[in-house]
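Notes follow the structure.
Because only heavy atoms are used, hydrogens play no part in the values below, and waters and symmetry mates are left out as well, while side chains stay in. Note that the structure is predicted; figures quoted are calculated from it, not measured.
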Amino acid sequence: MKETRADYNPVARRDAIVQGPQWRFTLIGEGVLRYEWAEDGLFEDRASTFAVNRNLPTPKFRVVESDKKLDIISPSFHLSYDKKRFSTNGLSASIAGKVALWGSYWRYGQGQQDNLGGTARTLDGVDGRCDMGNGILSRQGYSTIDDSESMLFDGNGFVSPRRDGDRIDGYLFCYGPDYRGAMASFYAVSGTQPLVPRYSLGCWFSRYYTYTASEYLELMDRFRQEEIPLSVAVLDMDWHLVHGDEVPHAGWTGYTWNKKLFPDPAGFATELHKRGLRMTLNDHPHEGIHHHEEAYDKMAAALGHDTSDKAPILFDPTDPEFMRAFNQVLHRNLEDKGCDFWWIDWQQGPHSKVPGLDPLWLLNHFGYVDHKESTKETQPLIFSRYAGPGSHRYPVGFSGDTIITWDSLRFQPEFTATASNIGYGWWSHDIGGHMFGHRDDELCARWVQLGAWSPLLRLHSSDSRWSGKEPWKYRGDAREAMRSAMQLRHKLIPYIYSHNVADSLLSPQPLIQPMYWDHPKEDAAYQYPNQYKFGSELIVCPIVDPVDPKTNLAKVTAWLPDDGARVVDIFSGRVYSSGRVVDLHRPLSAYPVLAKEGAVVPFDHARVPKNGCKNPESLEVVVVVGADGQFDIWEDPRDGVAGITNVEGSDGLTLGHRKMHVQYNQAAGRVTTKGWGKRWAFRFPGVCDIRPEDVHVVVNNAPYKSATVRVEGASGSASDGLFKSGLLVEIAETSYDDEIRVELGPAPQLSVVSPRDEMEALIQDAQVEFAVKDAVWKVVTSKQSNASKLAHLQSMAVDKSLSGPLFELLSADTRLA
């Protein structure tokens with residue numbers, strides 16, 4: 001087993017170090033200071049679970065030193081130190097940057113003010129909020145990480161605890177209001193998020209339930225019949241022996257297939273693979289390997305374990321020989337029968353027989369390294385819990401057993417976005433909730449919709465026969481919302497996977513980001529923690545409350561940054577002016593996802609994408625007119641060869657990824673790209689007033705006669721169900737080197753559309769008195785300005801369940817004043 005990756009470089013540059021007999025300070029790149037105290041004068045240069053790279057360019061700084069005082073002055077901070085053991089009085093720093101009227105000042109041991117949070121080890125048993133600890137970002141412009149207790153990579157293939165004695169090892173991040181700079185520094189020190197496999201980005205089905213092989217395969221076939229795509233089949237603990245007389249313990253741990261349920265494990269795995277699915281098995285390793293396990297003798301031989309009295313092989317992650325056999329014998333035996341990756345379900349806390357060695361860390365690190373070394377996967381994967389700073393290097397995360405309540409749903413978007421503040425981007429939640437709670441179809445549907453806009457979407461539930469998350473088990477409107485969300489998730493893979501590549505190899509960052517990352521000085525950016533950026537182009541405003549029975553609409557309050565650009569709901573085509581707070585109202589069939597002018601977002605154009613998330617044969621690119629935009633679509637040709645006839649020219653990036661560049665020029669109203677051997681569609685949401693005959697498609701500088709151009713969602717025209725409004729241009733099969741242009745005409749704009757039809761439908765559906773409907777209709781169809789209409793409605797004291805959606809429609813686009 002190897003303990004590090006090639007990019008681990010833990011020894012700092014000599015010119016970055018200021019050192020005394022028992023103290024050492026290291027300036028690590030811009031704005032990061034490592035501070036160490038060692039009573040014996042022995043400092044630590046090995047990589048830790050948090051810090052794997054300290055060899056970064058030395059920033060400019062100067063030192064002012066006397067017998068009793070040390071000052072280190074850099075553009076990011078001014079450190080003052082009394083040369084004694086670190087104390088609140090003796091070690092402090094003034095932070096550069098205008099982050100508070102009274103300045104920003106750090107003192108050792110004083111805690112962190114206004115820290116914006118990190119994440120938690122698990123959501124097991126959490127109903128609502130939980131403590132998310134500290135992350136890298138703070139409104140004070142600095143943060144600290146105490147790395148004093150973390151384990152170290154020993155340089156010989158394993159890990160080591162810290163040396164004994166009085167030691168302090170901490171990191172001070174100084175960044176002022178530059179949150180993105182702070183996170184770039186974090187990734188530089190702690191390593192980047194690696195690529196996750198494309199298949200992991202699709203829909204996972206998981207359930208703690210005793211299935212037989214035939215039942216499980218029938219279930220996978222039912223998903224296909226229902227046109228609900230999947231990519232990963234998750235088998236919880238009942239795949240192995242659990243309750244039999246031969247099992248000498250509680251049964252949670254197991255490594256022998258239950259042949260009564262799965263008589264042919266390898267054949268079962270083959271059938272899943274034929275269906276385009278990968279398989280992961282749940283592993284609770286705590287109880288070790290007992291004599292009833294098929295791999296017991298092989299493990300005993302590998303470890304020299306005496307089997308004469310059938311003594312169990314105890315789980316000991318602190319023993320390198322055990323960990324080697326655990327991965328290369330025990331796990332490999334099951335991987336050879338079709339297990340594609342492991343769900344490491346460790347629930348027993350951070351302690352082992354060696355102080356400082358956390359079993360979860362050991363399982364995550366060596367499990368991830370082993371998967372990379374033992375398989376042909378270029379993008380390895382494990383599925384496990386968060387173990388602390390640095391865990392982002394071992395995706396993906398299992399957040400634990402969620403309680404089925406609205407409070408749990410309300411917290412989950414904030415929890416996911418805030419985890420990005422500690423660099424942890426690939427959370428997989430129990431979508432729909434795992435246990436307890438009660439049946440609520442609307443809650444489950446909204447949860448699945450959130451899952452579509454989460455890092456990963458994994459349905460999960462307990463062994464209660466009533467709690468399964470199969471969409472067809474739910475009422476009509478919820479069933480259709482769940483099916484649509486899962487289809488949408490697979491349509492989103494081109495966008496998500498492109499960010500997976502770019503955010504790992506080009507500009508390290510998580511897929512989901514809190515709004516304040518881009519707006520650190522805007523108070524409003526902190527007031528709507530559930531709202532988040534989803535990649536570079538989209539803003540998601542999760543709905544976490546039930547619909548109002550009078551209108552059948554649910555409300556979410558959104559903040560639209562004042563950046564001078566209008567935004568459009570890419571699905572409804574509704575246009576919103578920026579720089580304000582607005583209430584968005586949606587039925588169960590809709591979810592508000594916003595994009596500003598210039599956004600370019602690729603989708604899979606298949607009506608229903610297939611299992612497995614292979615590269616699509618047809619791409620649909622959403623382009624929001626009004627400003628220039630561009631996007632790079634990334635594919636690995638090994639994820640299916642659909643549409644790929646030439647795999648050269650991968651721009652020098654690792655893993656041979658293909659970049660397909662899409663450019664939009666607003667002044668010319670022109671989209672350009674290459675054909676890449678695919679079919680293409682270009683959708684312009686919110687554009688309803690350009691005539692199809694005025695749109696020109698040009699391929700290789702010649703008019704393309706076979707393009708289909710239509711306006712959807714206007715004047716009673718049909719839409720495809722996902723997108724309700726806008727201009728759609730479709731291009732048939734292209735050659736690899738075709739040069740494609742779609743020309744709308746100079747400077748196209750988002751259409752100004754009267755909300756009259758939407759208001760009539762809203763009032764028609766409202767469960768209120770007819771007299772109220774008549775009075776409201778008279779106001780909204782009057783010749784008053786929209787501002788006057790709003791004031792009039794307010795004076796009438798119309799119930800908010802009706803006036804709120806009307807306010808949204810009348811005030812969304814200020815051009816309709």
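- Taking all atoms of both residues into account, the shortest heavy-atom contact from Leu261 to Asp238 is CD1-O, 3.6 Å.
- By the 30° and 60° cut-offs, the orientation of the rings of Tyr394 relative to Tyr368 is perpendicular.
- Between Tyr8 and Arg393, the side chains place a donor N or O and an acceptor N or O closer than 3.5 Å (distance only, hydrogens not considered).
- The side chain to side chain contact (heavy atoms under 4.5 Å, CB included) test applied to Ser484 returns no partner, not counting sequence neighbours.
- Side-chain atoms of Thr122 come within 3.5 Å of backbone N or O of Asp124 as a donor-acceptor pair.
- Within a 6.0 Å sphere centred on NZ of Lys473, heavy atoms belonging to other residues, nucleotides or ligands number more than 12.
- For His460 and Phe205, the ring centers are positioned 6.0 Å apart or more.
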* Ile145 and Asn134: CA distance, side-chain angles, deciding distance, side chain to side chain contact (heavy atoms under 4.5 Å, CB included) verdict -> CA-CA 8 Å; Ile145 284 183; Asn134 291 325; over 6 Å; no
* Asked: Does the pair Val196 and Val396 meet the rule for a side chain to side chain contact (heavy atoms under 4.5 Å, CB included), with working shown?
  -> CA-CA 8 Å; Val196 297; Val396 297; 4.1 Å; yes
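- Listed here is the closest heavy atom pair of His434 and Ile404: N-CG1, 3.7 Å.
- Listed for the Arg332 side chain is a donor-acceptor partner under 3.5 Å among the backbone atoms of Asn327.
- When only modelled atom types and interatomic distance are considered, Ser150 and Arg162 share a side-chain donor-acceptor pair under 3.5 Å.
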* **Steps toward side chain to side chain contact (heavy atoms under 4.5 Å, CB included) verdict (Tyr474, Arg439)** => CA-CA 10 Å; Tyr474 290 76; Arg439 170 73 177 243; 3.7 Å; yes
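- Two residues are said to be in side-chain contact when any heavy atoms from C-beta on lie closer than 4.5 Å; Asn421 and Ile136 fail this criterion.
- Counting heavy-atom neighbours within 6.0 Å of Asp309 CG, excluding the residue itself, gives a total above 12.
- For His290 and Tyr296, the ring centers sit 6.0 Å or farther from each other.
- No close placement of the Phe411 and Trp406 rings is indicated, their centers lying 6.0 Å or farther apart.
- Nearest heavy atom pair, residue Leu381 against residue Ser200, reads CD2-CB, 4.0 Å.
- For Glu470, the CD atom is densely surrounded, since the number of other residues' heavy atoms within 6.0 Å is greater than 12.
- Using a distance-only test at 3.5 Å, with no hydrogens or angles considered, no donor-acceptor pair links the side chain of Asp401 to the main chain of Gly125.
- Between Tyr386 and His392, the ring center distance fails the sub-6.0 Å criterion.
- Contact of the Trp343 side chain with the Asp283 side chain is not registered, since no non-hydrogen atoms from C-beta on lie closer than 4.5 Å.
- Between the side chain of His371 and the backbone N or O of Asp340, at least one donor-acceptor pair lies under 3.5 Å.
- In this structure the side chain of Leu272 reaches within 4.5 angstrom of the side chain of Met220, judged on heavy atoms.
- No close placement of the Trp427 and Phe398 rings is indicated, their centers lying 6.0 Å or farther apart.
- The aromatic rings of Trp346 and His286 sit perpendicular to each other, their planes meeting at more than 60°, with 30° as the lower class boundary.
- In this structure the side chain of Gln513 never reaches within 4.5 angstrom of the side chain of Tyr532, judged on heavy atoms.
- Heavy-atom neighbours of Tyr211 OH from other residues, nucleotides or ligands within 6.0 Å: above the threshold of 12.
- For NE2 of His249, the number of neighbouring non-hydrogen atoms (other residues, nucleotides, ligands) closer than 6.0 Å is greater than 12.
- Between Asp639 and Tyr497 the shortest side-chain heavy-atom distance falls below 4.5 Å.
- Side chain to side chain, His284 and Asn282 meet the donor-acceptor criterion of an N or O pair below 3.5 Å.
- Within a 6.0 Å sphere centred on NZ of Lys298, other residues, nucleotides and ligands contribute 12 heavy atoms or fewer.
- There is no side-chain donor-acceptor pair under 3.5 Å between Trp252 and Asp345.
- Using bins of under 30°, 30° to 60° and over 60° for the plane-to-plane angle, the ring pair Phe158/Phe366 lands in the parallel bin.
- Side chain to side chain, Thr416 and His429 meet the donor-acceptor criterion of an N or O pair below 3.5 Å.
- Remark: the Thr256 side chain and the Glu293 side chain contain an N/O donor-acceptor pair separated by less than 3.5 Å.
- The six-membered or imidazole ring of Tyr216 lies away from that of Phe262, with a centre-to-centre distance of 6.0 Å or more.
- Below 30°, between 30° and 60°, or above 60°: for Phe153 and His365 the angle between ring planes is between 30° and 60°, a tilted geometry.
- One N or O on the side chain of Arg489 and one on the backbone of Leu201 form a donor-acceptor pair closer than 3.5 Å.
- With a 6.0 Å radius and a threshold of 12 heavy atoms from other residues, nucleotides or ligands, Arg222 has its CZ atom above the threshold.
- Between Pro395 and Gln193, every side-chain heavy-atom pair lies at or beyond the 4.5 Å cut-off.
- Using a 4.0 Å cut-off between charged nitrogen and carboxylate oxygen, Arg275 and Asp221 count as a salt-bridge pair.
- Ionic pairing of Asp264 and Lys337 is not present here: no N-O contact between side-chain nitrogen and carboxylate oxygen is shorter than 4.0 angstrom.
- Proximity of a side-chain donor or acceptor of Asn530 to a complementary backbone N or O of Arg410 within less than 3.5 Å is detected.
- The heavy-atom pair separating Asp430 from Gly400 by the smallest distance is OD2-O, 2.8 Å.
- For the pair Thr192 (side chain) and Pro508 (backbone), a donor-acceptor distance under 3.5 Å is absent.
- No donor-acceptor pair closer than 3.5 Å links the side chain of Trp257 to the backbone N or O of His240.
- A tilted orientation is assigned to the rings of Phe50 and Phe186, their planes being inclined by 30° to 60°.
- When only modelled atom types and interatomic distance are considered, Ser352 and Thr318 share no side-chain donor-acceptor pair under 3.5 Å.
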* Checking side-chain hydrogen bond (donor to acceptor under 3.5 Å, both in side chains) for the pair Arg198/Asn615: CA distance, chi angles, key distance, verdict? -> CA-CA 9 Å; Arg198 189 181 185 101; Asn615 294 332; 3.2 Å; yes
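- Looking at Trp453 and Pro542, their side chains never come closer than 4.5 Å, going by heavy atoms from C-beta outward.
- Proximity of Val159 to Leu152: side-chain heavy atoms (C-beta onward) are nowhere separated by under 4.5 Å.
- In this structure, the side chain of Glu414 does not engage the main chain of Pro529 through any donor-acceptor pair within 3.5 Å.
- The backbone N or O of Ala606 lies less than 3.5 Å from a partner atom in the side chain of Lys491, making a donor-acceptor pair.
- Using modelled atom types, one finds no donor on one side chain facing an acceptor on the other under 3.5 Å when comparing Ser464 with Ser462.
- In this structure, Phe383 has its ring center under 6.0 Å from that of Trp204.
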* **Test log, rule ring pair (Phe, Tyr, Trp, His ring centres under 6.0 Å), inputs Tyr495 and His499** => CA-CA 6 Å; Tyr495 179 70; His499 271 288; 4.8 Å; yes
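- A salt bridge does not link Asp477 to Arg479: none of the charged nitrogens lies less than 4.0 Å from a carboxylate oxygen.
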* So Arg121 and Asp358, salt bridge (Lys or Arg N to Asp or Glu O under 4.0 Å) or not? Walk me through it. -> CA-CA 12 Å; Arg121 191 171 174 113; Asp358 181 343; 3.0 Å; yes
